[in-house]
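Numbers restart at 1 for each chain; the letters A, B, ... are given by sequence-line order, proteins then strands.
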Amino acid sequence: MRAGLAPAVTGARVVSVTVLDDRALTRHRGAASDFESALTGRVLTGAVRRGKFLWLPIETDAAARAVVGHLGMSGQLLLRAPGAPAERHERVRIELAHPRHGELAVVFADQRTFGSLAIDDLVPTIDGAAGGFGSDVALVPVQAAHIARDPLDPAFDEALFRRRVGASASAVKRVLLDQTTVSGIGNIYADESLWAARVHPETPSRALATRTVTRLLDEVRVVLERALAEGGTSFDAQYVNVNGQAGYFAHSLRAYGRTGQPCPRCGTPILRVSFTNRSSHFCPRCQRRRGAR
DNA sequence: CTCTGTTCCTGGCAGC
DNA sequence: TGCTGCCAGGAACAGA
């Protein structure tokens with residue numbers, strides 16, 4: 001989605017902003033009118049991502065700011081022609097004028113309203129490296145500053161990741177889902193990475209051998225790279241790119257959502273168990289539970 | 001301090 | 001056919 005937005009928004013001026021549902025601004029400090037006025041007339045300078053946060057920096061002569069978005073479960077950022085009919089679950093529309101591409105609309109649509117947009121200040125990154133993918137600027141929105149980099153980021157702090165994994169008594173899957181330790185991993189990619197690394201999701205994190213942590217991190221990277229290459233994981237119309245097209249990674253899932261179906265490695269039926277109000281899917285034979293618990 | 005459970009929301013679906 | 005209830009998920013937050 002970031003890659004799709006970048007060429008369309010970079011250098012574009014905001015012509016108008018329409019907030020149709022205030023719940024789309026739950027991350028925004030201030031009223032919808034403030035969101036609209038902070039953006040209208042400004043030029044956007046790119047599209048940047050860290051983990052599951054996405055932001056569009058705003059060209060200003062004052063303090064650095066950006067439109068920050070988190071898609072939650074069902075959020076979408078779609079590129080549409082100006083004046084295009086309202087999308088189902090449309091919450092915010094930003095009309096843009098691009099010097100080369102002409103006029104277009106960025107539409108934020110979100111069925112379950114876990115996602116939201118905000119205007120946020122940009123602050124320097126702690127490590128001095130670029131804030132995220134899509135920019136060389138060492139700035140990050142306040143809202144995303146506490147989030148770790150994702151493991152594909154060249155500045156990902158692998159030593160910190162290893163320390164956190166080695167220190168925690170929690171289930172390793174919970175550590176993978178903790179965005180302050182490593183970002184970009186949700187329930188689906190956690191299950192897929194654990195299956196690929198042959199690690200039981202409830203293994204106490206600190207009980208993992210060093211070589212197992214290495215293998216797990218390697219597999220996380222393989223899963224994320226492949227998911228990005230295939231445009232994400234689409235189960236339904238909610239998971240789409242900026243043109244509303246579905247990603248293909250759902251066809252590559254080995255464990256997630258495959259309850260009762262044979263493990264692609266050994267044929268044992270995949271198990272589904274309840275885990276922190278979610279579900280874990282894993283192979284009971286390939287992913288043996290290790291360590292005291 | 002670390003860790004865990006709850007909460008927000010909507011639409012698709014199973015079951016009656 | 002139409003109703004009810006369950007489920008999916010990310011992250012902030014409260015509380016242990």
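With A:T113 as reference, A:R91 is the one residue of A:M73, A:R91, A:H89 to meet the side-chain contact (heavy atoms from CB on, under 4.5 Å) rule.
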Exercise. Could you please spell out the steps behind the salt bridge (Lys or Arg N to Asp or Glu O under 4.0 Å) verdict for A:E192 and A:K173?
Key: CA-CA 11 Å; A:E192 290 302 296; A:K173 180 171 171 181; over 6 Å; no
Practice problem: Take A:R80 and A:E87 through the salt bridge (Lys or Arg N to Asp or Glu O under 4.0 Å) test and state the conclusion after the steps. | Solution: CA-CA 10 Å; A:R80 291 291 182 261; A:E87 293 292 324; 2.7 Å; yes
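Across the protein-nucleic acid pair, A:I185 atom CD1 and C:dA11 atom P stand 11 Å apart, rounded to whole Å. A:R272 has its CZ atom 10 Å from the C1' atom of C:dA8, to the nearest Å. In this structure, the NZ atom of A:K52 is 14 Å from the C1' atom of C:dA12, given to the nearest Å. Put simply, CD1 on A:I147 is 6 Å from P on C:dA11, counting in whole angstrom units. C:dG10 atom P lies 20 Å from atom CZ of A:R23, rounded to whole Å. Here the P atom of nucleotide B:dC8 and the CG atom of A:D22 are 19 Å apart, to the nearest Å. Rounded to whole Å, the distance from CZ on A:R27 to C1' on C:dA11 is 7 Å. One interatomic measurement links the two molecules: CZ of A:F53 to P of C:dG10, which rounds to 12 Å at whole-angstrom precision.
Taking 4.0 angstrom as the limit, A:H146 places none of its side-chain polar atoms (N or O) nearer than this to OP1 or OP2 of C:dA11. Look at A:S170 and you'll find a side-chain N or O under 4.0 angstrom from OP1 or OP2 of B:dT4. Side-chain N/O atoms of A:S279 include one lying less than 4.0 angstrom from OP1 or OP2 on C:dA8. The phosphate of C:dG10 has neither OP1 nor OP2 within less than 4.0 Å of any side-chain N or O from A:H70. Remark: A:Q111 is not in phosphate contact with B:dG11, judged by side-chain N or O atoms under 4.0 Å from OP1 or OP2.
Applying the 3.5 Å distance criterion, the base of C:dG10 shares a donor-acceptor pair with the side chain of A:R278. On a pure distance criterion of 3.5 Å, a polar donor-acceptor pair joins the side chain of A:R112 and the base of C:dA8.
Comparing the start and finish of the helix from B:dT2-C:dA16 to B:dC16-C:dG2, five pairs each, the helix axis swings through 50°, to the nearest 10 degrees.
Side-chain contact between A:Q287 and A:W195: present, with at least one pair of heavy atoms (C-beta onward) separated by less than 4.5 Å.
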Cut-off 3.5 Å, no hydrogens considered: what does the side-chain donor-acceptor table look like for residues 38-45 of chain A, sequence neighbours left out?
from  : atom 1 : to    : atom 2 : distance (Å)
A:T40 : OG1    : A:E36 : O      : 2.6
A:T45 : OG1    : A:P57 : O      : 3.4

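Looking at heavy-atom distances under 4.0 Å, A:S168 makes contact with sugar-phosphate atoms alone, never a base.
Cluster partners of A:L122, by chain and number: A:V48, A:F53, A:W55, A:V68, A:V123, A:V137, A:L139, A:V140, A:V142, A:I147. The rule joins Ile, Leu, Val, Met, Phe, Trp and Tyr whenever side-chain heavy atoms lie under 4.5 Å apart.
Between A:E219 and A:R215 there is no salt bridge, since no side-chain nitrogen of the basic residue lies less than 4.0 Å from a carboxylate oxygen of the acidic one. Electrostatic pairing of A:R164 and A:D178 counts as a salt bridge here, judged by a charged N lying under 4.0 Å from a carboxylate O.
Residue-nucleotide stacking is not present for A:F114 and C:dA11, judged by a side-chain ring centre under 5.5 Å from the six-membered base ring centre and planes under 30° apart.
Residues A:R174 and A:R91 each lie close to DNA chain B; by heavy-atom proximity, the contact nearer the 5' end of the strand is made by A:R174.
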